[in-house]
Every structure is written in C-alpha cells, then in structure tokens.
Amino acid sequence: KIRIMGSSYFALKPSFPMAKEPQPVRRESLSPVRTQLLPVLSTCAAIAVAAKCSDILDPQPAKGDTTHEAQVWLGWSVIAYGATLHASRAISLGPHYLAEVMWGCNTSLLMAGVGMISHRPLLIGAAMCIVATDQLSWYVDCVSYLASGNFVLGVARFLKEP
C-alpha cells in the first residue's frame, strides 16, 4: 500500500504462483497514462455502458415536461461541479489525483448529471444506488468499529492507520 498526498493506492505486481507484497511507488514514477488518462476514459466508458443499459431496460424514457429544462440545467450544473472538483484537486494535489475519479461516489456524480441531461431516470436511480451502497458500507464499518474495535467490511480501515 502506498500513500500519495493523503490518498492510498495499491501497487501490486503479481508474480505467480504468489503475489508479492505491495511496494512503495514514488510519485515521479507514476505513468500519466495510468493515473490520468485511463481513469478518465474508464469513467466515461462506465457511464456510457450504464446509459446504454438504461436504454435497454427502459426503452421509453420519460418525455420532457415543464421540469425538463430545469432538469437539464441541473444536470449540467452537477457535471460542471464534478469537473471543477476534479480539476481543482488535480491542480492542488497533483495530476495523479485523477485516478480517484473512478471511485463510486465520483462516478455516480457524473452519471447522475448525464441521466438528468438525457432524461434517463434509471441512470439517475443507478447513481443513487451506488452512493447509497457506499455510504451504507461506511456506516456498517464505523458502527462495527465502535462496537467491537474491528472494521467488519474494511472500507473505513484506513481511518485507523497512521
């Protein structure tokens, strides 16, 4: 496990038949393709696949009504917020931060914006489920730590690390 500017990353290089322990990686040795381009492209691909699945599962999206213009404006606002958030953090923390765009909460923010703009309620609901699952996992972990001193799921385990 490595730590870069307060963020945790795993750098596993498997050697068969057993994987080696994670090794520290210097920030200078991180590839821009691996830490910037691939995460952004992967997130866009995930949103595109989710939108296509939404079209397949709900072939008759809701038709625009009086709230459609406000919904489109809100969708663009959400996407602008997400883009500004990631750009400002990449500038202040370093471009390697863009790898964190792949976290579920960050992807769902952009997915919800796309769902609002394209008027796909199923896509918005999927984004909400991603965030709800993530938050519920945190709550379970934090309550289990307070009750037993152990993180049951391990999603909040990094809070205990030095």
Side-chain angles (χ1 to χ4, degrees), residues 1-11 25 27-143 145 151 153-161:
K1 187 169 186 182
I2 60 174
R3 193 169 289 284
I4 300 173
M5 298 291 284
S7 300
S8 299
Y9 296 93
F10 286 92
V25 175
R27 186 177 351 161
E28 299 81 31
S29 68
L30 293 174
S31 160
V33 171
R34 187 171 127 195
T35 61
Q36 298 166 35
L37 183 62
L38 288 179
V40 171
L41 291 178
S42 298
T43 300
C44 292
I47 292 170
V49 167
K52 186 62 177 172
C53 290
S54 174
D55 292 344
I56 292 169
L57 295 172
D58 187 15
Q60 298 296 327
K63 299 297 178 197
D65 56 11
T66 57
T67 61
H68 185 65
E69 288 181 24
Q71 185 174 342
V72 170
W73 180 84
L74 183 61
W76 281 114
S77 298
V78 167
I79 289 175
Y81 168 76
T84 304
L85 171 79
H86 292 299
S88 67
R89 288 189 178 171
I91 290 167
S92 64
L93 299 176
H96 61 274
Y97 174 80
L98 288 176
E100 294 182 7
V101 75
M102 293 174 48
W103 288 5
C105 56
N106 295 330
T107 301
S108 64
L109 177 71
L110 300 173
M111 187 185 302
V114 169
M116 287 181 232
I117 291 168
S118 61
H119 211 70
R120 290 181 171 111
L122 194 58
L123 197 58
I124 298 167
M128 291 169 54
C129 288
I130 292 170
V131 172
T133 302
D134 183 44
Q135 292 300 308
L136 184 61
S137 300
W138 269 81
Y139 296 147
V140 167
D141 247 11
C142 291
V143 168
Y145 181 75
F151 294 107
L153 300 176
V155 295
R157 186 176 298 137
F158 72 93
L159 294 174
K160 187 178 171 188
E161 296 173 359

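Since we're looking at a predicted model, the values are computed, not measured. Only this structure's heavy atoms are used, side chains among them; waters, hydrogens and symmetry mates stay out.
- Here Trp76 pairs with nothing under the ring pair (Phe, Tyr, Trp, His ring centres under 6.0 Å) rule; sequence neighbours left out.
- Between the OG atom in Ser54 and the NE2 atom in His119 there is a gap of 11.0 Å [rounded to 0.5 Å].
- Taking CD1 from Ile124 and OG from Ser118, the interatomic distance works out to 7.5 Å, rounded to the nearest 0.5 Å.
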N/O donor to acceptor pairs below 3.5 angstrom from side-chain atoms of residues 105-117, sequence neighbours left out:
{"from": "Asn106", "atom 1": "ND2", "to": "Glu100", "atom 2": "O", "distance (Å)": "2.6"}
{"from": "Thr107", "atom 1": "OG1", "to": "Val101", "atom 2": "O", "distance (Å)": "3.1"}
{"from": "Thr107", "atom 1": "OG1", "to": "Trp103", "atom 2": "O", "distance (Å)": "3.2"}
{"from": "Ser108", "atom 1": "OG", "to": "Gly104", "atom 2": "O", "distance (Å)": "3.0"}
{"from": "Ser108", "atom 1": "OG", "to": "Cys105", "atom 2": "O", "distance (Å)": "3.0"}

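- Ring orientation note: the planes of Trp138 and Phe158 are nearly perpendicular, at an angle over 60° on the 30°/60° scale.
- In this structure Tyr81 satisfies the ring pair (Phe, Tyr, Trp, His ring centres under 6.0 Å) test with no other residue, sequence neighbours excluded.
- With rounding to the nearest 0.5 angstrom, the CG atom of Leu159 is 9.5 Å from the OH atom of Tyr145.
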Report all side-chain donor-acceptor pairs from residues 126-135 shorter than 3.5 Å, counting only partners two or more places apart or in another chain.
{"from": "Thr133", "atom 1": "OG1", "to": "Cys129", "atom 2": "O", "distance (Å)": "2.8"}

Please set out all donor-acceptor pairs under 3.5 angstrom arising from side-chain atoms of residues 37-44, sequence neighbours excluded.
{"from": "Ser42", "atom 1": "OG", "to": "Leu38", "atom 2": "O", "distance (Å)": "2.7"}
{"from": "Thr43", "atom 1": "OG1", "to": "Pro39", "atom 2": "O", "distance (Å)": "2.9"}

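- When the side-chain contact (heavy atoms from CB on, under 4.5 Å) test is applied to Ala90, the partners found at least two apart in sequence or on another chain are Leu98.
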